[in-house]
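See structure below.
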Amino acid sequence: MKRIITATVQNRSGVLNRITGLLQKRQFNIESISVGRTDVEGISKMTFVVDVVDSQKLEQVTKQLNKQIDVLKVSDITDKAIVSRELALIKIVSSAQLRSEIQGIIEPFRATIIDVSKDSLSVQVTGKPEKIEALIDLLRPYGIKELARTGMTAFLRGQQPQVTELTPYSLLK
Amino acid sequence: MRAEVKPGIHTGTKSKTGADLLVESLIKEEVKTIFGYPGGAVLPIYDALYRAGDAFDHILTRHEQGAIHAAEGYARVSGKPGVVIATSGPGATNLVTGIADAMMDSLPLVVFTGQVARGVIGTDAFQEADIMGITTPITKHNYQVQSVSDLPRIVREAFHIASTGRPGPVVVDIPKDISANPADGNYDDSFHLPGYQPTIKPNPLQIKKLADSLAKAKKPVILAGAGIIIGKASEELIALAEKFSLPVTTTLLGLGGFPGNHSLALGMAGMHGTYAANTALYECDLLINIGARFDDRLTGNLKHFAPNATVAHIDIDPAEIGKNVTTHIPVVSDSKAAIKALLTHAKEGPDHDDWLIGINGNRDNYPLWYNNPKEEMIPQWLLESIHKVTDGNAIVTTDVGQHQMWAAQYYTFNKPNRWVTSGGLGTMGFGFPAAIGAQLAAPKDTVVAVVGDGGFQMTMQELSVLQERGLPVKVIIVNNGALGMVRQWQETFYEKRYSHSLLDVQPDFVKLAEAYQIKGMRIDTQEELIHSLPDLFAYEGPVVVDCRVLQQENVYPMIAPGKGLNEMIGVKP
Ligand SMILES: Cc1ncc(C[n+]2csc(CCOP(=O)(O)OP(=O)(O)O)c2C)c(N)n1
Ligand SMILES: [Mg+2]
């Protein structure tokens, strides 16, 4: 099962190495990691998407992360109300004639063309990983020259529904 | 004994250096003993040590591995962090085995490594090694000092992290320019570690749950690990066991945490544990694990591990709970605090006399055993004899192999902090240097290093330290002319194909000892041993005893790999 885990960490040298090393040593399957600074000086936020076989393994991931001295907080937010986004840059083969056709494809995804050359065109798309997958699938027939994804970043919504009305986050089954 | 730190007279400056700051910090931490080896990147530190005069007893081992294993022995016996200094590059990489060993066995170490100057880090400078990268997976935490003003705080944090919570090794990597350059400021050493707040008091609800289970249990058993020893909870454990008539088995590292001669003691559990202990773990309906980590050498095949039990696990490290064995009652706590809480809240359950009678029957009918043809020296008998002559009061260190298991089985420990062995990592070469550290931590105690003929040859250069210091360590080489444990597995599981496990050629260990001006002795027969052992232990200096034991002897009973607690072989017929 896929889970979304966030960690607040102290931005000391070596912390990233310690965390990725630990995930590798304990054989946790990582789908993506994204890291960036927060508003608080010296504190960074990491978002992991992990693929774990069962809840015991999941518990181990969070406990092992929590054990690290520079890790301040670890949360599994999969079942919470969250906002999650990923950004992808997609460079496709495209001639001038195809440009408007592609424009028509990407528009419903609220993606934008951010670079154009004689024989290629680059698209930027933001959204849940599922949406990004869908767009990539649609663009693939044109020939993808390059693809770069940031991995998911996420946090809790401002308001959490009552536990009873909570529908499990469906994106990652 | 506070030493006045004189300014850097040898650097030609009048100012204090980063190395002087380090020395001040070590004095503040009440460090008395340092194990180390000098080199280019730590020259400023060694100069500061020189100028600090007799503030510390610095033990110059003859290999960095010796230094770190000695520090581990020191830490296990004293309960205080072992302190190690090594130079950059090869000095630091020579420490790696010991750091990994301390990590596995939860030993507090603070390890200072030299590093090339900040300006050349990352250029593959002479004797540069990425010791941060190398030690990250095998340390509780590690630091590279980036600014001299951080040094006092980092040293304090390092000692705090190493010795609190679940202890472990902390590496502090110090670039040479930081230790060499002036450090005249007034540096703040206060620290705040928001991400490190070990839980030491148990959750009352969990204690209540455990108390309720205890009140219902018909077949309870306690498994005591090193957490009892580290948490200084032996007395509380004895009180708990006696109050509720709870049988107690220990892990390899937990030996001595509960008196081996107690009427409720089942001895060691696991691969070479007793029949009574393993059977109790198999049959119990309530298993209370206090400070053990359910290592695979203990549990055997998990399918057969305590299959009908409610499992309670008290551990200061939450990540150990539920890692290997499904746990019904998790208690994150210091062992002492948890047992005390349990003593206050637990109530007498139904009597479990039948359970105890069954266990006693197992203990009486299936004890540890061996055949003893008197014409040969039998290793088990050797260990029993050492136990006898030392009244069971010695501090015993071991290497890894058959002799280690025989020491665990036949040297019954009745007190904590007397048993020093490499459990989790299983490091050959550990036993002898660890004995040096143990002897320094307990100068008045008898320290016996029980080592294999194989393992001793990995770190025997530390005989120099015995010679230099006159440390009265008794080195007992259980010499079976083989890498015995490997030979045993090849005999049992590889149809006697003894691939590279027989040591047909060996040094003359007596002459070797004598080369270091240490008393050496070879013993071939039981008669000789009976005759010389009392004198050897009465002798005030160090001794190396080459005991020639029967090569064919194997460690039993045993749970073969992949088998369960209920599938022991070699139990007394
Ligand atoms: C550093 C290291 N290398 C290899 C091993 C594998 N090993 C485990 S026990 C053993 C044999 C040890 O022989 P010896 O020291 O003579 O002890 P004995 O088993 O004969 O008592 C070996 C090679 C190990 N544990 N540690
Ligand atoms: Mg041997």
Side-chain angles (χ1 to χ4, degrees), chain A residues 1 3 5-30 33 35-48 50 52-77, chain B residues 100 103 106 115 118 121-122 130-147 150 153-154 157-158 160-162 164-166 168-173 175 191-199 294 302 313 315-327 330 332:
Chain A
M1 52 181 181
R3 307 294 295 185
I5 293 171
T6 61
T8 316
V9 304
Q10 241 157 354
N11 203 357
R12 299 233 178 112
S13 81
V15 61
L16 197 58
N17 187 13
R18 190 165 269 279
I19 286 173
T20 52
L22 140 72
L23 295 169
Q24 130 99 21
K25 162 179 156 179
R26 304 267 172 197
Q27 305 261 292
F28 298 129
N29 240 331
I30 301 297
I33 300 186
V35 199
R37 286 192 228 162
T38 66
D39 192 35
V40 184
E41 165 101 34
I43 305 287
S44 288
K45 172 89 175 274
M46 306 177 77
T47 307
F48 310 89
V50 297
V52 289
V53 285
D54 54 25
S55 57
Q56 188 187 356
K57 197 87 174 163
L58 173 67
E59 194 181 304
Q60 268 294 303
V61 183
T62 52
K63 281 176 164 180
Q64 294 294 346
L65 285 170
N66 245 321
K67 199 164 137 173
Q68 307 310 313
I69 311 282
D70 285 336
V71 173
L72 302 178
K73 187 165 190 249
V74 181
S75 317
D76 176 354
I77 60 171
Chain B
M103 184 70 174
S106 310
Q115 184 53 276
R118 277 172 299 172
I121 291 180
D130 174 16
I131 205 65
M132 291 293 287
I134 292 169
T135 62
T136 293
I138 51 169
T139 49
K140 186 170 172 185
H141 200 51
N142 57 2
Y143 296 89
Q144 187 172 68
V145 183
Q146 307 286 354
S147 151
D150 293 337
R153 173 185 56 80
I154 288 177
E157 285 186 11
H160 176 73
I161 291 169
T164 54
R166 179 180 179 177
V170 178
V171 165
V172 180
D173 194 32
F191 67 87
H192 172 54
L193 294 166
Y196 178 67
Q197 309 286 337
T199 307
F294 285 133
L302 286 169
H313 188 170
D315 207 302
I316 200 161
D317 179 358
E320 284 305 339
I321 299 176
K323 185 179 79 177
N324 297 335
V325 170
T326 306
T327 300
V332 180

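Per chain, numbering begins at 1; letters A, B, ... match sequence-line order.
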Is chain A contacted by the side chain of [X], its backbone, both, or neither, given a heavy-atom distance below 4.5 Å?
X	value
B:I321	both
B:Q197	neither
B:Q144	neither
B:N324	backbone

_Sub-4.5 Å side-chain heavy-atom contact between A:K25 and B:T136_ =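 A side-chain contact is absent here, since even the closest heavy-atom pair is not under 4.5 Å.
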
*Given side chains that start at C-beta, do those of A:R26 and B:K323 come closer than 4.5 Å, heavy atoms only?*
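Answer yes - side chains close enough.
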
_Rounded distance [0.5 Å steps], CD in B:E320 versus NZ in A:K67_ =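 If we round to the nearest 0.5 Å, B:E320:CD and A:K67:NZ are 5.5 Å apart.
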
*Between atom CD1 of A:I69 and atom CG of B:N142, what is the distance when rounded to the nearest 0.5 Å?*
10.0 Å

*Identify which of B:G165, B:P137, B:P318 forms the greatest number of heavy-atom pairs closer than 4.5 Å to chain A.*
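Of the candidates given, the most pairs with chain A belong to B:P318.
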
*Just jot down the salt bridge (charged side-chain N to carboxylate O under 4.0 Å, His left out) partners of A:D76, sequence neighbours excluded, or say none.*
A:R3

*Identify, with sequence neighbours excluded, every residue that meets salt bridge (charged side-chain N to carboxylate O under 4.0 Å, His left out) alongside A:K63.*
A:E59

*Does CD in A:Q56 sit with more than 12 non-hydrogen atoms of other residues, nucleotides or ligands closer than 6.0 Å?*
yes

*Of all heavy-atom pairs between B:P194 and A:L72, which one has the smallest distance, and what is that distance?*
CG-CD2, 3.7 Å

*What is the minimum heavy-atom distance between B:A319 and A:Q64, and which atoms define it?*
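Here B:A319 and A:Q64 meet closest at CB-NE2, 3.6 Å.
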
